Amino acid sequence: MEKHLLDPERLRKIPPQFSWIDQRLVRERHIERLSHAAAALYLFLLTVADAQGLSFYSERSIGRHLAMAADRLDHARKELLHADLIAYQDPLYQVLSLDGPQLGAERGAGICSIKEIFKQMGGAA
């Protein structure tokens with residue numbers, strides 16, 4: 001089957017405010033490890049972040065946009081911090097690059113070679 005545009009007039013272009021979503025979220029299974037609340041918060045942060053991944057949205061505003069109670073938002077944020085997808089220092093969020101340091105099993109990267117394991121530990125292989 002050949003790919004073709006279903007609606008050529010609606011061809012997606014890079015928006016001036018920058019908010020593309022990295023396909024590695026699915027391919028590297030990051031999204032599968034998130035709760036729905038954490039995924040919603042992450043999508044929101046990707047959407048509102050500037051080109052450097054920064055956002056100053058308040059907790060109240062985020063909660064209102066996502067219809068999420070404060071405790072659930074707090075838990076979702078902690079989940080994203082633990083998954084190493086964001087950095088947070090109240091009131092600033094930063095969506096992190098998926099190219100950052102990874103620790104195989106912790107990030108769910110799967111099987112690593114001995115060389116990769118030693119490299120992650122700071123040793124030589």
Side-chain angles (χ1 to χ4, degrees):
M1 183 171 164
E2 188 175 320
K3 290 184 188 177
H4 64 281
L5 295 173
L6 299 177
D7 189 345
E9 292 180 12
R10 300 280 312 272
L11 177 64
R12 190 171 181 198
K13 298 173 186 73
I14 297 174
Q17 72 276 2
F18 183 84
S19 67
W20 289 104
I21 297 175
D22 193 325
Q23 291 180 356
R24 292 178 294 170
L25 285 167
V26 173
R27 285 196 317 251
E28 294 177 5
R29 307 182 97 167
H30 298 281
I31 201 81
E32 292 177 26
R33 291 184 286 278
L34 299 176
S35 67
H36 291 129
L41 175 57
Y42 190 69
L43 176 61
F44 180 83
L45 294 171
L46 286 171
T47 304
V48 300
D50 66 13
Q52 295 177 314
L54 302 174
S55 170
F56 285 99
Y57 270 73
S58 71
E59 298 299 294
R60 183 183 304 170
S61 181
I62 294 171
R64 188 174 59 249
H65 283 290
L66 298 179
M68 195 178 294
D71 59 334
R72 191 165 183 210
L73 178 59
D74 182 60
H75 187 269
R77 181 180 52 251
K78 288 176 182 172
E79 193 176 332
L80 293 175
L81 288 165
H82 180 73
D84 200 28
L85 293 174
I86 65 165
Y88 176 72
Q89 186 174 17
D90 191 21
L92 181 65
Y93 284 91
Q94 179 185 352
V95 177
L96 300 174
S97 168
L98 296 180
D99 294 326
Q102 297 183 20
L103 299 174
E106 289 180 30
R107 291 285 301 260
I111 299 171
C112 294
S113 71
I114 295 295
K115 181 178 179 178
E116 289 169 323
I117 293 170
F118 278 118
K119 185 177 178 181
Q120 290 171 3
M121 292 176 12

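Remember, it's a predicted structure, so these values are computed and weren't measured experimentally.
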Minimum heavy-atom separation for Ala76 to Met68, with atom names? CB-SD, 4.5 Å
Do you know which two heavy atoms are closest between Gln52 and Asp50, and how far apart they sit? N-OD1, 2.8 Å
Starting from the C-alpha separation in whole Å, work towards a yes-or-no answer on side-chain contact (heavy atoms from CB on, under 4.5 Å) for Leu6 and His4. CA-CA 6 Å; Leu6 299 177; His4 64 281; 3.8 Å; yes
Looking at CZ of Arg60 and CG of Leu73, how far apart are the two atoms once the value is rounded to the nearest 0.5 Å? 12.5 Å
If we only count heavy atoms from C-beta on, is the Leu43 to Ile21 side-chain gap below 4.5 Å? yes
With side-chain contact (heavy atoms from CB on, under 4.5 Å) as the criterion, how do Ile86 and Leu81 come out once you've worked through the C-alpha distance, each side chain's angles and the decisive distance to 0.1 Å? CA-CA 5 Å; Ile86 65 165; Leu81 288 165; 3.9 Å; yes
Decide if atom OH of Tyr88 counts as having more than 12 heavy atoms of other residues, nucleotides or ligands within a radius under 6.0 Å. yes
Are Ile31 and Leu66 linked, directly or through other ILVMFWY residues, by side chains that come within less than 4.5 angstrom of each other? yes
With hydrophobic residues grouped by side-chain heavy-atom distances under 4.5 Å, do Leu45 and Val26 end up in a single group? yes
When rounded to the nearest 0.5 angstrom, what distance separates CD in Glu79 from CZ in Arg72? 10.5 Å
Does the pair Leu25 and Tyr42 meet the rule for a side-chain contact (heavy atoms from CB on, under 4.5 Å), with working shown? CA-CA 11 Å; Leu25 285 167; Tyr42 190 69; 3.5 Å; yes
Is there a side-chain contact between Ile62 and Tyr93 (heavy atoms, below 4.5 Å)? yes
At what distance, to the nearest 0.5 angstrom, does NE2 of His75 lie from CG of Leu80? 10.5 Å
Should Phe56 and Val95 be counted in the same cluster of Ile, Leu, Val, Met, Phe, Trp and Tyr side chains packed under 4.5 Å apart? no
For the pair Arg24 and Asp99, evaluate side-chain contact (heavy atoms from CB on, under 4.5 Å) and give the outcome as yes or no after the intermediate values. CA-CA 10 Å; Arg24 292 178 294 170; Asp99 294 326; 2.4 Å; yes
Between Ala83 and Leu34, the two heavy atoms sitting closest are CB-CD2, 4.3 Å
Using 30° and 60° as the class boundaries, would you call the ring planes of His65 and Tyr57 parallel, tilted or perpendicular? perpendicular
Pairwise distance CG(Asp22) to CD(Glu28) - rounded to 0.5 angstrom: 7.5 Å
Rounded to the nearest 0.5 angstrom, the CD-CG distance for Gln94 and Leu85 is 12.0 Å
Which heavy-atom pair separates Ser55 from Val48 by the least distance, and what is that distance? OG-CG2, 3.5 Å
